[in-house]
Amino acid sequence: MDSLIAAAGRALAAGDALGALKRVALRDDPPALALRGIAMAQLGEHARARELLKRAARRFGSGHEALAHARCVVAEAEVALAMRDLRGATGTLAAAAAALAARGDRANALHARLIAVRRLLLLGRLQEATTELDRVDAQSGGGLPPALRAVVELAAAELAWRSLHTAPAQAALARAHAAAQRAGVPALQAEVAEACAALERPAARRLLPEGREQPLRLAEVEALLASGALVVDACRRGLHGAGATWLPLARRPLLFAPARALAVAWPGDADRNALIALAFRTRRPDETHRARLRVEIGRLRKLAAPLARIEATERGFALVPQRDDEERDAVDVVVLVPPLDGDRASLLALLADGAAWSTSALALALGASQRTVQRVLVELEAAGRVRAIGRARAQRWLAPPLAGFTTNLLLPAALPLT
């Protein structure tokens with residue numbers, strides 16, 4: 001390795017992308033291409049960075065220079081993650097990690113596994129991310145470089161707060177902060193600072209009597225769920241009761257709509273016509289709608305039996321929380337709503353990270369069809385809430401960062417991990 005390549009590598013490790021480019025910008029050999037690609041990625045030119053890294057990987061080949069080839073594959077996978085291109089083959093990244101580990105490059109092998117963890121987090125596959133992160137911890141043996149240690153702790157913090165375990169999240173962020181300070185990389189320090197700030201922002205709103213609202217941070221949401229109250233959670237569309245009982249209704253909108261209306265009306269009852277308007281979106285109910293409402297209420301009554309009773313009243317229906325102990329005080333009913341209004345909250349929550357997302361990546365993360373995501377994006381663009389850059393396959397979608405609150409509870413698979 002010549003002196004210019006070595007100096008450029010040290011500059012990149014310190015986060016000095018411009019210093020690295022000064023040394024290799026005019027060179028076209030494979031090591032220089034790889035370093036130029038990494039520098040361009042640090043400067044935010046992801047498309048160009050990806051092209052350079054692919055060229056470097058092809059020039060290195062997978063034979064004689066297999067170690068350098070594997071490093072380029074890992075770097076290209078990280079750039080793809082930054083571009084929110086989540087369609088890449090995970091097998092290629094796993095093969096690169098195995099090749100790096102077999103050749104003694106433990107740090108880059110663990111870095112490849114951390115990229116896989118971050119991809120799983122974006123897709124909302126929290127259990128798989130936890131398993132992979134545990135594997136990284138086991139293989140590292142506590143001997144990670146500071147920059148990688150910071151990334152590990154950031155991933156651990158995200159897993160904790162998306163499972164509503166805020167104390168472990170704060171501990172992980174403290175360790176991430178210390179590791180980022182030791183690493184001395186400004187971009188990493190900024191990422192840790194943003195994650196710390198997110199824990200202090202409102203994450204949901206609690207509906208109060210007379211139309212009032214109370215903003216809640218993640219720690220306050222966690223305390224509310226542990227209080228034993230019956231929580232109707234409109235962030236993740238479900239019911240939460242004592243003892244961590246969780247009844248998901250995200251795929252049952254005809255059941256969740258009346259459940260929320262009954263909770264808002266508690267301790268009183270909800271009018272039948274109002275329930276019909278919410279569930280069936282009609283302002284002129286007839287006997288068929290009333291019959292359908294009785295059917296849906298019957299289904300909800302059966303599903304929610306461990307948490308609450310639904311009793312018929314003269315004007316509609318009333319929600320009555322169950323009590324485990326007859327001597328226990330009456331159970332409160334709490335309604336949590338998202339910090340964002342509207343049915344597009346989950347999509348905006350993904351776009352709130354400031355990254356440029358493709359429609360295919362958004363569809364993967366949300367578990368929806370790409371056509372559905374495209375239709376929603378067009379509606380949001382018309383309302384001025386998102387904007388598109390590029391065309392055809394290169395088109396990406398952006399939204400302004402939402403600095404006033406965090407959208408963790410709206411991300412895919414936000415609950416629960418036990």
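- Enclosure of atom CG in Leu26 is not indicated, since only 12 or fewer non-hydrogen atoms of other residues, nucleotides or ligands lie within 6.0 angstrom.
- Between Phe256 and Gly238 the shortest heavy-atom distance is CE1-N, 3.6 Å.
- The closest donor-acceptor contact from the side chain of Ser369 to the backbone of Thr372 lies under 3.5 Å.
- At distances below 3.5 Å, at least one donor-acceptor pair connects side-chain atoms of Glu222 with backbone N or O atoms of Thr166.
- Minimum heavy-atom separation, Leu121 to Glu158: CD1-OE1, 3.8 Å.
- Judged by distance alone, the side chain of Arg84 and the main-chain N or O of Leu81 form a donor-acceptor pair under 3.5 Å.
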Inset, instruction - Using the salt bridge (charged side-chain N to carboxylate O under 4.0 Å, His left out) rule, take Arg149 and Asp137 through it: C-alpha gap first, then chi angles, then the decisive distance, then the call. - result: CA-CA 10 Å; Arg149 173 51 60 188; Asp137 273 332; 3.7 Å; yes

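- The shortest heavy-atom contact between Ala234 and Arg237 is O-NE, 3.6 Å.
- Remark: the Gln370 side chain and the Thr359 side chain contain an N/O donor-acceptor pair separated by less than 3.5 Å.
- Side-chain atoms of Leu208 and Glu213, non-hydrogen and from C-beta on, never get closer than 4.5 Å to each other.
- The two residues Leu254 and Ala279 have their closest heavy-atom pair at CD2-O, 3.1 Å.
- A heavy-atom distance below 4.5 Å is found between the side chains of Trp357 and Leu122.
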For residues 31-49, run the donor-acceptor check on the side chains, cut-off 3.5 Å, and write out each pair with its distance to 0.1 Å, sequence neighbours left out.
unit_1: Arg36; atom_1: NH1; unit_2: Arg27; atom_2: O; d: 2.8
unit_1: Gln42; atom_1: NE2; unit_2: Leu12; atom_2: O; d: 3.2
unit_1: Arg48; atom_1: NH1; unit_2: Glu51; atom_2: OE2; d: 3.2

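- Atom CZ of Arg290 has more than 12 heavy atoms from other residues, nucleotides or ligands within 6.0 Å.
- Between the side chain of Arg113 and the main chain of Val136, no donor-acceptor pair closer than 3.5 Å is present.
- Although no hydrogens or angles enter the test, the distance criterion places a donor-acceptor pair under 3.5 Å between the side chain of Glu220 and the main chain of Arg217.
- Formation of a donor-acceptor pair under 3.5 Å by the Arg118 side chain with backbone atoms of Val151 is not found in this model.
- Contact of the Val231 side chain with the Val221 side chain is not registered, since no non-hydrogen atoms from C-beta on lie closer than 4.5 Å.
- Inter-residue side-chain proximity for Leu300 and Arg252 is flagged as unmet; no heavy-atom pair is nearer than 4.5 Å.
- Side-chain contact between Val74 and Leu93 is present, with heavy atoms from C-beta onward closer than 4.5 Å.
- Without hydrogens or angle criteria, Gln322 side chain to Ala305 main chain gives a donor-acceptor distance under 3.5 Å.
- Side-chain contact between Ile297 and Leu255 is absent, with no heavy-atom pair separated by less than 4.5 Å.
- Taking the side chain as every heavy atom from C-beta outward, Leu249 and Leu303 approach each other to under 4.5 Å.
- Residue Ala388 comes nearest to Gln395 through the heavy atom pair CB-NE2, 3.7 Å, listed as atom of the first residue, atom of the second, then distance.
- Partners of Glu296 under the salt bridge (charged side-chain N to carboxylate O under 4.0 Å, His left out) rule, at least two apart in sequence or in another chain, are Arg299.
- Considering all non-hydrogen atoms of both residues, Leu188 and Ala150 come closest at CD2-CB, 3.6 Å.
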